[in-house]
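Protein chains get the first letters and strands the later ones, always in sequence-line order, with residue 1 at the start of each.
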2 protein chains.
Amino acid sequence: MTTKAELTSQYILEIVAPIFNKNGYAATSLSDVTNATGLTKGAIYGNFKNKEDLAIAAFKFTVKNMMKRITDHLSNSNSPIEKLYLITDFYRNYYDYSKELGGCPILNIGVDANNQNTLLLQKVKEVIERIQDQVATLIEDGIEAGEISSEINALYFAKRLDTMIQGAIFMTYTMEDDFYIQDTMDLIDNMIKKELKI
Amino acid sequence: MTTKAELTSQYILEIVAPIFNKNGYAATSLSDVTNATGLTKGAIYGNFKNKEDLAIAAFKFTVKNMMKRITDHLSNSNSPIEKLYLITDFYRNYYDYSKELGGCPILNIGVDANNQNTLLLQKVKEVIERIQDQVATLIEDGIEAGEISSEINALYFAKRLDTMIQGAIFMTYTMEDDFYIQDTMDLIDNMIKKELKI
DNA sequence: CTAAAAATATACCAATTGGTATATTTTTAG
DNA sequence: CTAAAAATATACCAATTGGTATATTTTTAG
């Protein structure tokens, strides 16, 4: 059964995750947390060990939300190569969607945690690796299905894709201009068409 | 002439710029500043209006350093297209070099200032625009010199280049793996070769 | 409905935050 | 060498920081 505390924990994360994502670890204070949730420190510290523990849970919460959204979107096709196109299609709406999350958690927390918070940075690394592995697997599935040329290195391609996407997200947010994401997705679509085709 | 205060200001910036760059605005405290410099608050506040003013000066200091380094490197050739290759060549050593600066100032402060510090974010935007304009001008020079195809849109290409580079820097720092920068520079070199050629 | 357990609120803590007014020291121009 | 000006150090400020011990309230199982 769902205890009261579990509900509260979920509620806290819902409210607090975008705040940590937007502001970063150091710039989010516990009074930000109590003000936003309407709860007291007693409730917060009853559910989370400390600020770092809360920040990590918040990051995981946001990533889970995001991953579910991608996975749902990719379920629109069974073809590996079509799924690749669905990835770029997903990111074409990412600026709007990620604003709800308080920005891209990987970019924000990746940069924020660097030199600041080892545990948090470790979590970001793990998420990036997981994403790259999933994309690489998708490409390998495509090779196996005869949709994608067996010439290409799946993991390398996945890393390139990821790198370009993160660059586009950074530029779009910093310049407040969706051009960067749209243009990068065009570029990636072209790469898929030209480099992956059988 | 150089007054005492000007020397002190420069000294403070030299010491403090990498700290702000590494930690970000909120996570850098004035005691970090006084401890690192060995000066007191009196000296700091005598030379800078407040913490924000210092952070902006620190960002400009780091960018100036970086820009000089790039400009120096590009002076190794007079050919516009060769200069483009010198840009990727510069970034191949960027992981090592930028560590001295406390990381890439554009990436770090761009992400850090977002949702946090309007003035600082504005400075980042200006620097990005300046860089893109310079690269675009370089490409236009190449077109005029008959080295580069007149088909391509100089500013679009400059933006793509910048976006890919920033993505590579983010990934290399977050994953602590220079692969991303090297691979992206290979990719860009290829783009220059294939897309820009006459 | 009740007693125990769980969850939350309250009241406190020392340390630190950015910043300022003023005293002291150092530099500068003559 | 000296007086004025500039630069820096000192001593202070209220507000906030993350965190804890304990009191109170709410939930839960029987």
Please report the shortest heavy-atom distance between B:Arg69 and B:Phe90, naming the atom on each side. CG-CE1, 3.5 Å
Set of residues satisfying ring-ring contact (aromatic ring centres under 6.0 Å, His included) with respect to A:Tyr180, sequence neighbours excluded: none
Looking at A:Asn50, I'd like to know whether one of its side-chain N or O atoms comes within less than 4.0 Å of OP1 or OP2 on D:dG18. no
Are any of A:Thr8's side-chain N or O atoms less than 4.0 Å away from OP1 or OP2 of C:dA7? no
Return the value, rounded to whole Å, for the distance between atom CD1 of B:Ile44 and atom P of D:dT8. 9 Å
Which atoms form the tightest heavy-atom contact between A:Tyr25 and A:Glu52, and what is the distance? OH-N, 3.3 Å
Between C:dT17 (P) and B:Glu52 (CD): distance, integer Å: 18 Å
Rounded distance in Å - OH (A:Tyr11) to C1' (C:dT8): 14 Å
Counting just side-chain N and O atoms, does B:Asn47 come under 4.0 Å of either OP1 or OP2 of D:dT8? yes
If we ignore hydrogens and angles and just use 3.5 Å, is the side chain of A:Ser149 paired with the main-chain N or O of A:Leu196 as donor and acceptor? no
Interatomic distance, B:Asn117 CG vs C:dG18 C1' [rounded to whole Å]: 14 Å
How many Å lie between CG on B:Leu7 and C1' on D:dA6, as a whole number? 14 Å
Which of the following nucleotides, C:dG19, C:dA9, D:dT10, is nearest to the side chain of A:Ala43? C:dA9
For A:Tyr94 together with A:Tyr173, are the ring centres under 6.0 Å from each other? no
Atom CD1 of B:Ile12 and atom P of D:dA7 are separated, to the nearest Å, by 12 Å
Please give me the minimum heavy-atom distance between A:His73 and A:Leu86, naming the atom from each residue. CD2-O, 3.2 Å
Considering only side-chain heavy atoms of B:Thr40, which listed nucleotide, D:dT10, D:dA7, C:dG19, is closest? D:dT10
What about B:Lys51, does its side chain sit under 3.5 Å from the base of C:dG18 through a donor-acceptor pair? no
Report yes if the side chains of B:Thr34 and B:Thr40 come closer than 4.5 Å at any heavy-atom pair, otherwise no. no
Measure from CZ on A:Phe48 to C1' on D:dG18 and round the result to the nearest Å. 16 Å
Contacts of B:Lys41 and A:Gly42 projected onto DNA chain D by closest heavy atom; the upstream (5') one is B:Lys41
For DNA chain D, what dot-bracket results from Watson-Crick or G-U pairs at under 3.5 Å, with [ ] for crossers and | for inter-strand partners? ||||||||||||||||||||||||||||||
Ring centroids only, cut at 6.0 angstrom: are B:Tyr156 and A:Phe179 within range, meaning strictly under it? yes
Sorted by number, the residues of residues 19-38 of chain A with heavy-atom contact under 4.0 Å to DNA chain D: A:Thr28, A:Ser29, A:Leu30, A:Ser31
So, for A:Ala136 and A:Ala154, which heavy atoms are closest and what is the spacing to 0.1 Å? O-CB, 3.6 Å
